[in-house]
*Asks:* 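First the structure, then my questions, so here it is.
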2 protein chains.
Amino acid sequence: MVRIKEIPAPAVRRLSLYLRHVELLSGRGERTVSSRQLGEALGLTGAQVRKDLSHLGSLGHPGIGYRVDELIVRVRRILGTDTSRNVLLVGAGNLGRALVSHRGFAKKGFHVVAVFDDDERVVGSTLDGAAHLVVRPMIELADTVRKKNIRMAILAVPGESAQSVAEQLWEVGVGGILNFAPVTLRHVDCAIAAVDLAVHLEQLSFRLGNSRVG
Amino acid sequence: MVRIKEIPAPAVRRLSLYLRHVELLSGRGERTVSSRQLGEALGLTGAQVRKDLSHLGSLGHPGIGYRVDELIVRVRRILGTDTSRNVLLVGAGNLGRALVSHRGFAKKGFHVVAVFDDDERVVGSTLDGAAHLVVRPMIELADTVRKKNIRMAILAVPGESAQSVAEQLWEVGVGGILNFAPVTLRHVDCAIAAVDLAVHLEQLSFRLGNSRVG
DNA sequence: TTTTGTGAATTGCTTCACAGCA
DNA sequence: TGCTGTGAAGCAATTCACAAAA
């Protein structure tokens, strides 16, 4: 069987950034962009950009650069954002509520269509700025995932419950989890993206402590 | 001149995760942990853990493992979180407000001590759950940074204003920016950590589209 | 000219495997 | 025996540099 060459993980991460910038250029009416310009905008070399984009197949035009509309279509298809997706949220705390109304998700075609929490003080309440969403108890998870064809979840619960909720998500067939809880999720065979907000500040702190910045 | 060996960036990222897990173990009353156990908890090999920790100097005890209290002290010192730090927030929107009350920051010793926004509809208002914080106009930025000895900022403004705000932060002497805006910040000589929430969902989407997950 | 795509060279990270200590 | 620290090997990613296309 012919296997499509794997795209290296660091390259996939950068694809999102290329897309983001090229969408910006498109909004400004730009028609083409060179690897050099794209790199410049993101703090990368042109060679890096070309190598990354070469994974999508031959797409650039020698002497011209890349056509922004072609690039957008191609990268979206690879990332799977050429079509919109339903997403669910578990954890209706401060962070969870902010994420539901985050405009960046909708802009990329991710729609939060269900919210779950097991705290009976919030179950049944609606969310500010998203009044169509009522917080549901976890017991309804399986049902909703099936009915709304949900494959991705945002996990914004306390660290103590994160592992257990992740296992529930996996059991009902969710294939990808964006985890905001400060724990490493184990033994769930999903794609997992972890965002520990405090860890990011910690990383900045490290770089401040060891730098010639300033 | 003798130069301290640089710690590779991927190793520094993992140090935060080691610390997080070892703090958990400490809370459970564990006294020691082996590289194997630590790796197991984070999905890494023991060799990886040992190599990473070897950058901190010889710290483990052959036949025993690592003592959790020693490890905590040592990693915190390297990351610069052995002492607490004042942080400011720019952007009092939904996300910004959620971040101010994020308990994970305080747990790691990061205290949001000032909030700025240039929308006159929010300047002067206080934040739920943090009533001591009044939203200030950007004009007061320089003054506050100096008075409160602030070196790190959280940037939660719309993409359109992010670059300009970042430049202001840099000009008043902020050395590290945690950027939630969906743009790449350029021409500011600060340490920058970027968290584009939509990009993380996009990465999950990619992995779902190309996987044997499930 | 300008700019791509890509092998080759290089750099950097991870894994291996084992000597040495407790 | 159990476990660390670390050179050496292996693997992966980045950068170089240039032929080819417009």
Side-chain angles (χ1 to χ4, degrees), chain A residues 3-18 21-22 25 30-72 74-75 78 184 203 206-207 210, chain B residues 3-18 21-22 25 30-75 78 184 203 206-207:
Chain A
R3 225 203 186 295
I4 307 265
K5 241 261 257 54
E6 286 295 336
I7 306 178
V12 176
R13 277 196 294 277
R14 287 187 297 265
L15 284 182
S16 282
L17 305 184
Y18 299 149
H21 188 71
V22 170
L25 294 179
E30 303 284 338
R31 309 296 283 272
T32 66
V33 64
S34 70
S35 59
R36 170 93 104 83
Q37 294 169 322
L38 201 38
E40 167 75 15
L42 302 179
L44 306 167
T45 66
Q48 175 84 81
V49 173
R50 290 197 300 281
K51 182 72 88 183
D52 287 344
L53 294 181
S54 75
H55 293 114
L56 310 183
S58 208
L59 177 57
H61 304 274
I64 304 291
Y66 300 84
R67 290 201 224 285
V68 304
D69 50 359
E70 288 175 359
L71 198 45
I72 289 174
R74 204 61 162 275
V75 178
I78 284 282
T184 301
Q203 294 287 308
F206 169 81
R207 293 204 267 155
N210 294 279
Chain B
R3 225 204 187 295
I4 308 264
K5 243 264 251 55
E6 285 295 337
I7 306 177
V12 176
R13 277 195 293 277
R14 286 187 298 265
L15 285 182
S16 283
L17 304 184
Y18 299 148
H21 188 71
V22 171
L25 295 179
E30 302 284 336
R31 309 297 282 271
T32 66
V33 64
S34 71
S35 59
R36 169 93 105 83
Q37 294 169 322
L38 200 38
E40 168 75 15
L42 303 180
L44 305 167
T45 65
Q48 176 84 81
V49 173
R50 290 198 300 281
K51 184 71 88 178
D52 287 343
L53 294 181
S54 75
H55 295 298
L56 310 184
S58 209
L59 177 58
H61 303 274
I64 303 291
Y66 300 84
R67 290 201 224 284
V68 305
D69 51 358
E70 289 176 359
L71 198 44
I72 289 173
V73 166
R74 205 59 164 275
V75 177
I78 283 282
T184 301
Q203 295 286 309
F206 170 82
R207 292 204 267 156

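For the numbers below, each heavy atom of this structure counts, side chains included, while hydrogens, waters and symmetry mates do not. In the text below, chain A, chain B and the rest are named by the order of the sequence lines, each starting its count at 1.
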*Asks:* Whole-Å distance between D:dG2 C1' and B:Leu38 CG?
*Replies:*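 My rounded result for the distance is 17 Å.
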*Asks:* Is there a side-chain contact between B:Ser35 and the phosphate of D:dC3, meaning an N or O under 4.0 Å from OP1 or OP2?
*Replies:*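 No, no such contact exists.
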*Asks:* Over how many whole Å does the gap from A:Leu71 atom CG to C:dG5 atom P extend?
*Replies:*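 Value for this atom pair: 10 Å.
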*Asks:* The side chain of B:Pro8 is closest to which nucleotide in this list: C:dT3, C:dC13, D:dG7?
*Replies:*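 Looking only at heavy atoms from C-beta outward on B:Pro8, the closest nucleotide is C:dC13.
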*Asks:* Give a yes/no answer on whether the side chain of A:Ser54 brings an N or O atom under 4.0 Å of OP1 or OP2 in C:dG5.
*Replies:*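 False: A:Ser54 side-chain N/O out of range (4.0 Å or more) of C:dG5 OP1/OP2.
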*Asks:* Counting only side-chain N and O atoms of A:Tyr66, is one of them less than 4.0 Å from OP1 or OP2 of C:dG5?
*Replies:*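 Checking C:dG5 against A:Tyr66, a side-chain N or O does come within under 4.0 Å of OP1 or OP2.
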*Asks:* Counting side-chain heavy atoms from CB outward, which of C:dG20, C:dT4, C:dT14 is closest to A:Pro62?
*Replies:*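 Taking heavy atoms from C-beta onward, the closest nucleotide is C:dT4.
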*Asks:* Any side-chain heavy-atom pair from B:Leu56 and B:Leu15 closer than 4.5 angstrom?
*Replies:*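 In short, these two side chains touch, coming nearer than 4.5 Å.
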*Asks:* Could you tell me how far apart A:Gln48 (CD) and C:dT4 (C1') are, to the nearest whole angstrom?
*Replies:*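 Checked: the CD to C1' distance equals 16 Å.
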*Asks:* Write down the distance between CZ (A:Arg67) and C1' (D:dA22), rounded to a whole number of angstrom.
*Replies:*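 A:Arg67 atom CZ is separated from D:dA22 atom C1' by 11 Å.
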*Asks:* Quickly work out the A:His55 NE2 to C:dG7 P distance and round it to whole Å.
*Replies:*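 In whole Å, C:dG7 P and A:His55 NE2 are 12 Å from each other.
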*Asks:* Write down the atom of B:Leu38, the atom of B:Tyr18, and the distance for their closest heavy-atom approach.
*Replies:*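 Looking at all heavy atoms of both residues, the shortest contact is CG-CD2, 4.2 Å.
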*Asks:* Check whether any side-chain nitrogen or oxygen of A:Arg14 sits under 4.0 Å from OP1 or OP2 of D:dT14, and answer yes or no.
*Replies:*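 So the side-chain polar atoms of A:Arg14 do come within 4.0 Å of the phosphate oxygens OP1 or OP2 of D:dT14, strictly under.
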*Asks:* Rounding to a whole Å, what distance do you find between B:His61:NE2 and D:dT4:P?
*Replies:*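 Value for this atom pair: 10 Å.
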*Asks:* What nucleic acid atoms does A:Leu59 come within less than 4.0 Å of, heavy atoms only: base, sugar-phosphate, or nothing?
*Replies:*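 Answer is sugar-phosphate: A:Leu59 comes under 4.0 Å of backbone atoms only.
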*Asks:* Nearest nucleotide by nearest heavy atom, which residue falls closer to the 5' end of DNA chain D, A:Ala9 or A:Ile64?
*Replies:*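 So the residue in question is A:Ala9.
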*Asks:* Short question: side chain of B:Gln37, backbone of B:Ser34 - any donor-acceptor pair under 3.5 Å?
*Replies:*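 Flag set: sc B:Gln37 to bb B:Ser34 pair under 3.5 Å.
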*Asks:* Apply the side-chain contact (heavy atoms from CB on, under 4.5 Å) test between B:Val75 and each candidate in B:Ile78, B:Ile72, B:Leu71; give the one that qualifies.
*Replies:*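 Only one option passes, and that is B:Leu71.
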*Asks:* If you assign A:Gly63 and A:Arg50 each to the DNA chain D nucleotide with the nearest heavy atom, which residue ends up on the more 5' nucleotide?
*Replies:*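 Closer to the 5' end of DNA chain D: A:Arg50.
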*Asks:* Is there a side-chain contact between B:His21 and B:Leu42 (heavy atoms, below 4.5 Å)?
*Replies:*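 In short, these two side chains touch, coming nearer than 4.5 Å.
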*Asks:* To the nearest Å, how far apart are A:Arg36 CZ and D:dT15 P?
*Replies:*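 Between P of D:dT15 and CZ of A:Arg36: 15 Å.
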*Asks:* How many whole angstroms separate atom CG of B:Leu15 from atom P of C:dC13?
*Replies:*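 Nearest whole value for this atom pair: 13 Å.
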